[in-house]
Amino acid sequence: MIILGIETSCDDTGIAIIKATPKKTGVDFNILSNIVSSQIKIHKKYGGVVPNLAAREHLKNIKPCLKKALKESKKQPKDIDLIGATRGPGLIPALLIGTNFAKALAYKWNKKIIGINHIEAHILAALIEGKKIRFPAIALVVSGGHTQIVLMKKIGDYKIIGETRDDAAGECFDKIAKLLNLGYPGGPIISKKAEEAKTNKYKIQLPRPMIKHKNYDFSFSGLKTAVLYLTQKNKENIKKENFIKELSKEAQEAMVDVLTQKTIKAVKEYKAKTLILSGGVAANKRLRESLKNKLEKESSKTKFFVPPISLCTDNAAMIAATAYLKYKSNKNTSWKKIQADANLKLS
Ligand code: KG4
Ligand code: ZN
């Protein structure tokens with residue numbers, strides 16, 4: 001089956017074409033093209049994504065992305081069997097561009113179409129490399145908009161057992177980077193600075209919010225405020241590259257510690273057979289390494305799945321793969337049925 005995926009929930013316009021072939025142990029996904037047009041340059045000067053600017057850029061880029069995806073995959077509209085488009089959660093002006101474009105294609109080309117939950121797609125991106133989830137599974141979804149620990153009994157059966165009460169992990173990286181004048185998006189820059197930190201001259205210590213709480217919830221806004229106070233107290237040091245590197249390292253460690261501790265606790269409590277790490281922040285090397293090491297020590301039989309870095313951040317290949325996995329249980333495949341929903345819940 002050939003599936004066209006469309007992603008416009010935030011600031012990346014994504015169009016992908018994949019081939020899905022069922023096999024005994026799962027599904028073989030072959031990515032034929034995976035085009036991502038990033039808007040980072042546009043939003044950089046605002047230190048975050050501006051919804052209406054994102055929509056304008058999606059509108060401009062979506063058709064050229066489709067052309068490129070078709071060309072790269074050597075496919076034509078007649079070869080497409082199914083369209084999957086992100087319908088939420090996300091920024092409504094951005095979502096509307098993708099869902100309406102998808103609807104128009106489905107109508108014009110007479111194709112089946114299904115609306116996809118962006119968070120579910122982040123989780124299922126872990127399957128693109130041909131892996132098979134053993135249940136129950138725990139998924140840690142960490143992105144710019146979400147931080148959730150999800151208990152999965154099967155594909156399509158999700159229970160959020162913990163989530164952030166304020167900022168998402170990616171948002172926290174982005175806000176800290178903004179405070180340090182490092183640019184946007186913050187995650188990759190903070191992690192690069194952290195890697196470069198070879199000294200511990202300033203002995204910086206940041207809080208690990210809610211690490212001792214018995215529940216699986218998170219809170220990252222206090223961490224950002226702690227960094228703000230630190231920058232106000234260190235007006236001279238902040239100009240020094242080593243201080244920035246040490247601070248980046250400590251901020252990253254604080255986030256990684258809390259995310260690791262709570263996730264492994266959930267793995268143990270729910271006797272998870274698989275742990276999935278996904279979402280943009282899953283591109284973070286320290287977080288990948290920390291979860292893997294702690295899992296090996298504390299629950300060595302649990303399998304650890306994390307998508308390749310290119311499939312962690314927003315992309316349409318994960319939307320196409322999810323469309324395939326959800327297609328059989330989805331009865332509403334008419335272009336008339338798909339609707340954007342900014343607050344779409346995982347269900
Ligand atoms: O999943 P994603 O591409 O978009 C949303 O659905 O939000 O996630 C984007 C987020 C941004 O906040 C970005 O700073 C963060 O993922 N991110 C990272 C890394 N790469 C991207 N955070 C930490 N370390 C990284 N290497
Ligand atoms: Zn995302």
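Note that this is a predicted model, so its numbers are computed, not measured.
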(request) Check whether F305 and L275 end up in the same hydrophobic cluster, where Ile, Leu, Val, Met, Phe, Trp and Tyr are linked by side-chain heavy atoms less than 4.5 Å apart. (result) no

(request) Starting at CG of L206, measure out to NZ of K224 and round the result to the nearest 0.5 Å. (result) 13.5 Å

(message) Looking at F135, I'd like to know if the NZ or CZ of K154 sits under 6.0 Å from its six-membered ring centre while staying within 45 degrees of the ring's axis.
(response) no

(request) Please determine if K112 forms a cation-pi arrangement with Y327, meaning its NZ or CZ atom is less than 6.0 Å from the six-membered ring centre and no more than 45° off the ring axis. (result) no

(message) Could you report the tightest heavy-atom contact between V50 and H43, atom names first, then the distance?
(response) N-ND1, 3.1 Å

(request) Ignoring hydrogens and angles, tell me if any N or O in the side chain of T302 forms a donor-acceptor pair with the backbone of A272 under 3.5 Å. (result) yes

(request) May I ask you to decide if L295's main-chain N or O and S299's side chain share a donor-acceptor pair within less than 3.5 Å? (result) no

(message) Quiz question: by atom type and distance under 3.5 Å, do the side chains of E163 and Y216 form a donor-acceptor pair?
(response) no

(message) Any donor-acceptor pair under 3.5 Å linking the side-chain atoms of E7 with those of H118?
(response) yes

(request) Salt-bridge test for E72 and K68: reply yes if a basic N is under 4.0 Å from a carboxylate O, no otherwise. (result) no

(request) For R134 and T274, indicate whether the former's side chain and the latter's backbone hold a donor-acceptor pair under 3.5 Å. (result) no

(request) Please report the shortest heavy-atom distance between M318 and L311, naming the atom on each side. (result) SD-O, 4.4 Å

(message) Tell me whether K103 contacts the main-chain N or O of I338 through its side chain, where contact means a donor paired with an acceptor under 3.5 Å.
(response) yes

(message) For the backbone of K44 and the side chain of Y46, can you confirm whether one donor and one acceptor N or O come within less than 3.5 Å of each other?
(response) no

(message) Quick one: does any side-chain atom of K328 pair with a main-chain N or O of L325 as donor and acceptor, under 3.5 Å?
(response) no

(message) Quiz question: by atom type and distance under 3.5 Å, do the side chains of T199 and E246 form a donor-acceptor pair?
(response) yes

(request) Would you name the heavy atoms of A283 and R288 that are closest together and state the gap between them? (result) CA-NH1, 3.9 Å

(message) Using modelled atom types and a 3.5 Å cut-off, is there a donor and acceptor pairing between side-chain atoms of K262 and backbone atoms of D217?
(response) yes

(message) To check you understand the geometry: which heavy-atom pair defines the closest contact between I161 and I138, and what is its length?
(response) CD1-CD1, 4.0 Å

(request) Report yes or no: do H58 and T13 form a side-chain donor-acceptor pair below 3.5 Å? (result) yes

(request) For N315 and T313, indicate whether the former's side chain and the latter's backbone hold a donor-acceptor pair under 3.5 Å. (result) yes

Would you list the atom pairs, donor with acceptor, under 3.5 Å between side chains in residues 75-84 and any protein atom, with sequence neighbours excluded?
unit_1 : atom_1 : unit_2 : atom_2 : d
D79    : OD2    : Q76    : N      : 2.7
D81    : OD2    : I2     : N      : 2.7

(request) Verify, without hydrogens or angle tests, whether E253 (side chain) and E250 (backbone) share a donor-acceptor contact under 3.5 angstrom. (result) no

(message) Pairing donors with acceptors under 3.5 angstrom, does anything connect the side chains of S290 and T260?
(response) yes

(message) Side chains of D314 and H122: any donor to acceptor distance under 3.5 Å?
(response) yes

(message) Quick check against the 3.5 Å criterion: does E171 have a side-chain atom that pairs as donor or acceptor with the backbone of G145?
(response) no

(request) State, without any angle test, whether S221 and D167 hold a side-chain donor-acceptor pair at a distance under 3.5 Å. (result) no

(message) Ignoring hydrogens, what is the shortest heavy-atom contact between A94 and T8? Give both atom names and the distance.
(response) O-OG1, 2.8 Å

